[in-house]
**Q** 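Questions regarding the structure given below will be posed in turn.
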Amino acid sequence: MNPTPAATDGSLRAAQGGTGAIPRHVAIIMDGNGRWAEKRGLPRVAGHRAGAEAVRRAIEVAADAGIEVLTLYAFSSENWRRSDEEISDLTGLMRFYLERELKTLQKEGVRVKLIGDPSAFGPDLAAKLGKAVDATAPNRRLTLVVALNYGSRAEIAAAARGLAEQAVAGEIDPASIDEAALGERLQTADLPDLDLLIRTSGEVRLSNFLLWQAAYAELVFLDTLWPDFDAAAFGEALDHYKRRQRRFGGR
Ligand code: FPP
């Protein structure tokens with residue numbers, strides 16, 4: 001999807017003036033599980049199962065590449081519109097994945113953090129998720145942020161509401177509310193700025209994901225369907241990032 005050619009070596013990057021750097025924070029909109037399954041005449045759940053394997057690969061690649069934070073859009077607040085059967089397949093898969101992978105996450109030094117509102121998945125799954133967060137809290141090699149029942153507009157509205165409540169209570173001066181004050185109230189406040197946002201499956205939109213955080217992120221859209229996302233596809237996205245010049249609005 002991206003018109004820029006693939007980087008072949010460091011000299012090309014240098015000639016094009018790209019950053020040549022590894023992003024600190026990468027986020028992924030994992031899209032295309034359904035189409036992957038459909039192409040094979042399989043039920044959608046087979047695509048989600050294969051998607052969960054791609055999650056495992058992506059975590060490994062991110063940790064090995066020295067990325068600090070990997071944020072995955074696992075379930076959007078709009079995904080509740082899917083059939084009851086598909087929602088139960090997705091939550092069942094998350095439960096299974098958590099049970100199977102917790103040891104590996106520990107071994108790999110992965111810290112799990114949640115954004116969104118996972119309580120909507122019921123007390124059982126919410127407790128399992130909480131356990132994974134607590135158990136992995138000391139890990140430092142990679143922070144895996146899982147966005148569950150997440151919507152960016154709701155996140156920004158909640159941040160604005162919190163500031164308004166503080167202002168009404170006289171705790172802060174409304175004139176002091178600036179970009180930093182709002183950013184500090186987002187669920188991502190403790191994370192480094194988003195550097196690279198990847199979406200798979202050829203769709204070119206943000207779908208209410210990290211709208212505030214993506215203000216200066218590089219965006220990479222790949223045709224690869226999520227279950228086919230492997231080290232090569234991740235490498236392709238990282239190459240795009242390395243070649244881009246980040247100007248943050250300057251020249
Ligand atoms: C998009 O495919 C993907 C999702 C709805 C969510 C991603 C879920 C997983 C990768 C499964 C497991 C997750 C974890 C964290 C273990 P789609 O169904 O929208 O695909 P389509 O657009 O082709 O129909």
Side-chain angles (χ1 to χ4, degrees), residues 1 26-63 69-106 108 110-118 120-122 124-133 135-136 142-152 197-210 221-230 233-234 237:
M1 292 296 291
V26 177
I28 309 182
I29 302 176
M30 309 181 287
D31 197 8
N33 293 351
R35 276 162 285 168
W36 183 94
E38 198 181 318
K39 266 175 52 182
R40 287 162 177 77
L42 297 169
R44 291 180 64 82
V45 66
H48 294 316
R49 260 187 227 125
E53 292 309 313
V55 167
R56 204 147 70 90
R57 289 196 296 270
I59 293 170
E60 223 175 272
V61 173
V69 181
L70 178 67
T71 298
L72 300 178
Y73 206 4
F75 196 96
S76 75
S77 43
E78 286 77 27
N79 283 153
W80 294 111
R81 291 189 205 129
R82 297 193 178 199
S83 71
D84 289 350
E85 187 190 354
E86 186 168 356
I87 291 171
S88 126
D89 285 342
L90 276 167
T91 51
L93 202 54
M94 277 183 241
R95 198 173 282 121
F96 172 75
Y97 183 90
L98 268 175
E99 276 163 15
R100 198 192 61 177
E101 294 299 321
L102 188 54
K103 265 202 199 105
T104 315
L105 295 172
Q106 289 286 37
E108 296 286 326
V110 179
R111 171 173 81 113
V112 178
K113 175 185 161 72
L114 307 174
I115 57 171
D117 179 12
F121 294 109
D124 175 47
L125 183 51
K128 278 200 166 62
L129 288 161
K131 196 180 130 204
V133 170
T136 60
L142 172 76
T143 296
L144 173 68
V145 182
V146 188
L148 285 169
N149 188 25
Y150 173 86
S152 188
L197 176 69
I198 303 168
R199 182 171 189 148
T200 59
S201 91
E203 307 290 346
V204 185
R205 54 179 176 269
L206 294 181
S207 301
N208 200 18
F209 188 47
L210 302 178
F221 298 96
L222 300 174
D223 285 335
T224 312
L225 299 175
W226 176 251
D228 293 327
F229 189 84
D230 56 9
F234 208 154

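We number each residue from 1, following the sequence as shown. For ligands, and for the atoms within them, numbers begin at 1 and follow the listed sequence.
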**Q** Which one holds for Arg82 and ligand 1: side chain close, backbone close, both close, or neither close, with close meaning a heavy atom under 4.0 Å?
**A**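 Just the side chain.
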**Q** Considering non-hydrogen atoms of the protein only, which is the closest contact for atom 11 (C) of ligand 1, and what is the distance?
**A**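 Nearest neighbour among protein heavy atoms for atom 11 (C) of ligand 1, to 0.1 Å: His48 O, 3.7 Å.
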**Q** Counting only heavy atoms, which portion of Trp36 has something under 4.0 Å from ligand 1: side chain, backbone, both, or neither?
**A**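 For Trp36, no heavy atom sits under 4.0 Å from ligand 1.
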**Q** What are the atoms of ligand 1, with element, lying closer than 4.0 Å to any heavy atom of Gly34?
**A**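 Those qualifying, in numeric order: 17 (P), 18 (O), 20 (O), 21 (P), 23 (O), 24 (O).
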**Q** Report the nearest protein non-hydrogen atom to atom 16 (C) of ligand 1: residue, atom name, distance rounded to 0.1 Å.
**A**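 Checked against all protein heavy atoms, atom 16 (C) of ligand 1 sits closest to Tyr97 CG, 3.6 Å.
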**Q** So is Trp226 polar-close to ligand 1, meaning N/O to N/O under 3.5 Å?
**A**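 Checking ligand 1 against Trp226, no N or O pair falls under 3.5 Å apart.
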**Q** Using side-chain heavy atoms (C-beta onward) and a distance below 4.5 Å, is Ile115 in contact with Leu210?
**A**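 Answer yes - side chains close enough.
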**Q** Any idea which heavy atoms bring Asn208 and Gly151 closest together, and the distance?
**A**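 Heavy-atom minimum between the residues: ND2-CA, 3.6 Å.
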**Q** Identify the two heavy atoms, one from Leu98 and one from Ala132, that lie closest to each other, and give their separation to 0.1 Å.
**A**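 Heavy atoms only, the tightest pair is CD2-CB, 3.8 Å.
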**Q** Who's the nearest protein heavy-atom neighbour of atom 6 (C) of ligand 1, and how far?
**A**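 Sorting protein heavy atoms by distance from atom 6 (C) of ligand 1 puts Ala74 O, 3.2 Å first.
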**Q** Do we get Arg82 above Trp80's six-membered ring, with its NZ or CZ under 6.0 Å from the centre and within 45° of the axis?
**A**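 Here Arg82 fails the 6.0 Å and 45° test against Trp80.
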**Q** Strictly under 4.0 Å, does any heavy atom of Asp31 approach an atom of ligand 1?
**A**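 Yes.
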**Q** What I want to check is whether the side chains of Arg111 and Thr143 have a donor and an acceptor closer together than 3.5 Å.
**A**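 Yes, because at least one side-chain N or O of Arg111 sits under 3.5 Å from a partner of the opposite role on Thr143.
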**Q** Tell me which protein heavy atom sits closest to atom 9 (C) of ligand 1, plus the residue, atom name and distance to 0.1 Å.
**A**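 Ranking protein heavy atoms by distance from atom 9 (C) of ligand 1, first comes Asn33 ND2, 3.7 Å.
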**Q** In this structure, does ligand 1 have an atom that sits under 4.0 Å from one of the heavy atoms of Ser201?
**A**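 No; Ser201 lies far enough from ligand 1 that no heavy-atom distance drops under 4.0 Å.
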**Q** Please find the pair of heavy atoms, one from Leu142 and one from Val69, that lie closest to each other, and give the distance.
**A**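 Closest approach of Leu142 to Val69, heavy atoms only: CD1-N, 4.1 Å.
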**Q** Give the atoms of ligand 1, by number and element, whose distance to some non-hydrogen atom of Gly51 is under 4.0 Å.
**A**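 In order of numbering, the contacting atoms are 10 (C).
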**Q** For atom 12 (C) of ligand 1, which candidate among Ala52, Ala37, Ala50 provides the closest heavy atom?
**A**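 The nearest heavy atom belongs to Ala52.
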**Q** Atoms of ligand 1 less than 4.0 Å from Arg35 heavy atoms?
**A**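 Counting atoms of ligand 1 from 1, those under 4.0 Å from Arg35 are 21 (P), 22 (O), 23 (O).
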**Q** Within the 4.5 Å heavy-atom criterion, are Thr104 and Arg100 side-chain neighbours or not?
**A**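 The answer is no, as the side chains (C-beta and beyond) never meet within the 4.5 Å cut-off.
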**Q** How close do Tyr73 and Met30 get, counting heavy atoms only, and between which atoms?
**A**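 Scanning both residues completely, I find the closest heavy atoms to be O-CE, 3.4 Å.
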**Q** To which protein heavy atom is atom 1 (C) of ligand 1 closest, and what is the distance rounded to 0.1 Å?
**A**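 Here the closest protein heavy atom is Met30 O, 3.0 Å.
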**Q** With heavy atoms under 4.0 Å as the rule, classify the contact between Arg44 and ligand 1 as side chain, backbone, both or neither.
**A**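 Under 4.0 Å from ligand 1, Arg44 contributes side-chain atoms alone.
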**Q** Does Leu105 form a side-chain contact (heavy atoms from CB on, under 4.5 Å) with Ile59? I'd like the steps, not just the answer.
**A** CA-CA 9 Å; Leu105 295 172; Ile59 293 170; 4.2 Å; yes
**Q** Shortest non-hydrogen contact from Ala58 to Phe229?
**A**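 Shortest heavy-atom separation between Ala58 and Phe229 comes out as CB-CE2, 4.3 Å.
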